[in-house]
S.K.: 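Take this structure, written in structure tokens, and hold onto it; I'll ask about it next.
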Amino acid sequence: MLLGVNIDHIATLRQARLTAYPDPIIAAEHCLRAGAYSITAHLREDRRHMQDRDMERLAAMDLHLNMEMAARAEMIEIACRLKPQAICLVPEKREELTTEGGLDVAGQIPAMRDAVARLSDAGCRVSMFIDPTTAQIDASVAIGAPVVELHTGHYANLTGAARDAECGIIAQAATYAASVGLEVHAGHGLTLENTPAMLNIPELQVLNIGHAIVADAVFKGMEQSVRDFLRCMQR
Ligand code: PXP
């Protein structure tokens with residue numbers, strides 16, 4: 001199973017002060033050195049974290065870029081110009097803290113088919129970020145998407161037996177999706193604690209993880225950072 005690292009929240013930290021640092025491009029280099037398979041970045045309509053310039057710089061790097069975006073005209077235009085290797089189509093609401101729920105592919109077949117066709121023509125491999133249901137998997141096949149990313153956010157928010165049950169639902173969905181010819185990814189809300197159960201689902205090829213990696217990195221780097229500042233303050 002491969003790891004895609006979502007580096008949006010490096011940009012969140014930068015945008016909080018509108019500084020030049022921390023630079024998502026440097027974060028991407030760290031992730032690749034550590035063994036990440038791909039770098040994921042979400043260009044949102046409100047540009048709350050990643051900016052257009054970030055996407056241009058990431059697309060120019062020698063890496064497997066997975067661009068998350070809503071299936072809107074502006075984003076499709078940008079993606080067709082930048083031609084990232086992969087696109088993940090996600091639902092987007094201005095007021096949400098993060099992507100809530102999967103994309104309703106079944107409820108918007110013509111628009112999704114058109115978006116997938118345009119992005120595929122530009123050379124991008126398109127995945128649909130969906131809830132783990134048969135209806136959304138069938139709809140993803142119907143519109144010609146080669147990949148689905150199963151939403152693990154609900155699983156991540158549960159505990160105990162309810163979480164085990166949701167893990168089973170994700171496993172069943174992964175098996176079904178693979179049986180109808182889709183490449184299967186998963187992500188959202190995954191942490192060091194809840195990721196291991198995903199490894200029992202053989203059809204999952206890529207896990208996309210962001211927030212917990214960035215949060216973990218803060219504490220893994222905090223001591224060194226304070227030492228560096230103390231050294232800098234020594235006369
Ligand atoms: N996959 C998709 C489609 C997402 O939208 C996100 C969040 O941007 C992730 C994976 C990563 O989620 P998290 O940041 O919770 O690890």
Side-chain angles (χ1 to χ4, degrees), residues 1-13 15 24 27-28 31 36-51 54-55 58 64-72 75 79 84-105 112 115-116 119 124-133 136-137 140 145-158 163 166 170 173-174 177 182-198 201 204-218:
M1 212 178 281
L2 302 168
L3 172 64
V5 182
N6 180 316
I7 56 171
D8 289 349
H9 296 303
I10 301 296
T12 302
L13 203 53
Q15 295 309 110
C31 297
Y37 156 71
S38 63
I39 298 299
T40 296
H42 185 172
L43 187 65
R44 293 185 68 104
E45 186 190 21
D46 62 13
R47 307 299 199 271
R48 69 172 69 159
H49 37 54
M50 287 293 162
Q51 306 297 302
D54 294 323
M55 301 309 296
L58 287 168
H64 186 280
L65 178 62
N66 175 34
M67 177 178 174
E68 280 181 19
M69 53 177 254
R72 298 213 180 97
M75 292 302 155
Q85 288 78 358
I87 299 275
C88 182
L89 292 180
V90 299
E92 210 177 277
K93 288 191 229 120
R94 261 186 180 265
E95 64 279 13
E96 70 191 357
L97 283 179
T98 182
T99 314
E100 293 167 355
L103 192 61
D104 181 16
V105 183
M112 290 299 145
V116 170
L119 294 166
C124 307
R125 191 162 166 82
V126 186
S127 80
M128 313 303 285
F129 185 51
I130 55 169
D131 290 329
T133 69
Q136 297 299 343
I137 292 167
S140 300
V147 186
V148 286
E149 179 171 330
L150 302 177
H151 195 307
T152 53
H154 186 48
Y155 158 80
N157 287 334
L158 295 169
R163 187 163 94 175
E166 182 64 18
I170 293 168
L182 292 167
E183 183 179 316
V184 194
H185 303 178
H188 211 282
L190 295 177
T191 63
L192 279 175
E193 191 268 322
N194 64 25
T195 294
M198 293 293 114
I201 306 177
L204 294 182
Q205 296 192 23
V206 179
L207 295 182
N208 282 310
I209 308 179
H211 189 260
I213 290 179
V214 174
D216 204 43
V218 170

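Residues take their numbers from the sequence shown, with the count starting at 1. Counting convention: from 1, in listed order, for ligands and their atoms alike.
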S.K.: Between H9 and L13, is any pair of side-chain heavy atoms under 4.5 Å apart?
M.R.: no
S.K.: With respect to G210, determine whether any N or O atom, backbone or side chain, lies less than 3.5 Å from an N or O atom of ligand 1.
M.R.: yes
S.K.: According to salt bridge (Lys or Arg N to Asp or Glu O under 4.0 Å), who are the partners of D104, at least two apart in sequence or on a separate chain?
M.R.: none
S.K.: Show the numbers, then the answer: is there a side chain to side chain contact (heavy atoms under 4.5 Å, CB included) between I130 and L150?
M.R.: CA-CA 5 Å; I130 55 169; L150 302 177; 4.1 Å; yes
S.K.: Just go through H188, E92, E68, H42 and tell me whose heavy atom is the nearest to atom 2 (C) of ligand 1.
M.R.: E68
S.K.: Is there a heavy atom in G189 that sits closer than 4.0 Å to ligand 1?
M.R.: yes
S.K.: Run the numbers for me: atoms of ligand 1, each under 4.0 Å from some heavy atom of E149, listed by number.
M.R.: 1 (N), 2 (C), 3 (C), 10 (C)
S.K.: Is the closest N or O pair between H9 and ligand 1 shorter than 3.5 Å?
M.R.: no
S.K.: Could you list the atoms of ligand 1 found under 4.0 angstrom from a heavy atom of F129?
M.R.: 2 (C), 3 (C)
S.K.: I'd like to check which ligand 1 atoms, numbered from 1 as shown, lie under 4.0 Å from a non-hydrogen atom of I209.
M.R.: 16 (O)
S.K.: My understanding is that only residues two or more places apart in sequence, or in another chain, count here; which of them pass salt bridge (Lys or Arg N to Asp or Glu O under 4.0 Å) with R163?
M.R.: E193
S.K.: Pair M69, L43 - check side chain to side chain contact (heavy atoms under 4.5 Å, CB included), show working.
M.R.: CA-CA 6 Å; M69 53 177 254; L43 187 65; 5.6 Å; no
S.K.: H211 heavy atoms, cut-off 4.0 Å: which ligand 1 atoms fall inside?
M.R.: 13 (P), 14 (O), 16 (O)
S.K.: Applying a heavy-atom cut-off of 4.0 Å, say which part of H151 lies close to ligand 1: side chain, backbone, both or neither.
M.R.: neither
S.K.: Got a donor-acceptor contact below 3.5 angstrom from the S38 side chain to the L65 backbone?
M.R.: no
S.K.: For the pair D8 (side chain) and H49 (backbone), establish whether a donor and an acceptor sit closer than 3.5 Å, ignoring hydrogens and angles.
M.R.: no
S.K.: Only heavy atoms of V90, strictly under 4.0 Å: list the atoms of ligand 1 that pass.
M.R.: 3 (C)
S.K.: Can you name the atoms of ligand 1, numbered from 1 with element, that are less than 4.0 Å from a heavy atom of N208?
M.R.: 10 (C), 11 (C)
S.K.: Applying the side-chain contact (heavy atoms from CB on, under 4.5 Å) test to I7, which of T40, V214, L58 qualifies?
M.R.: L58
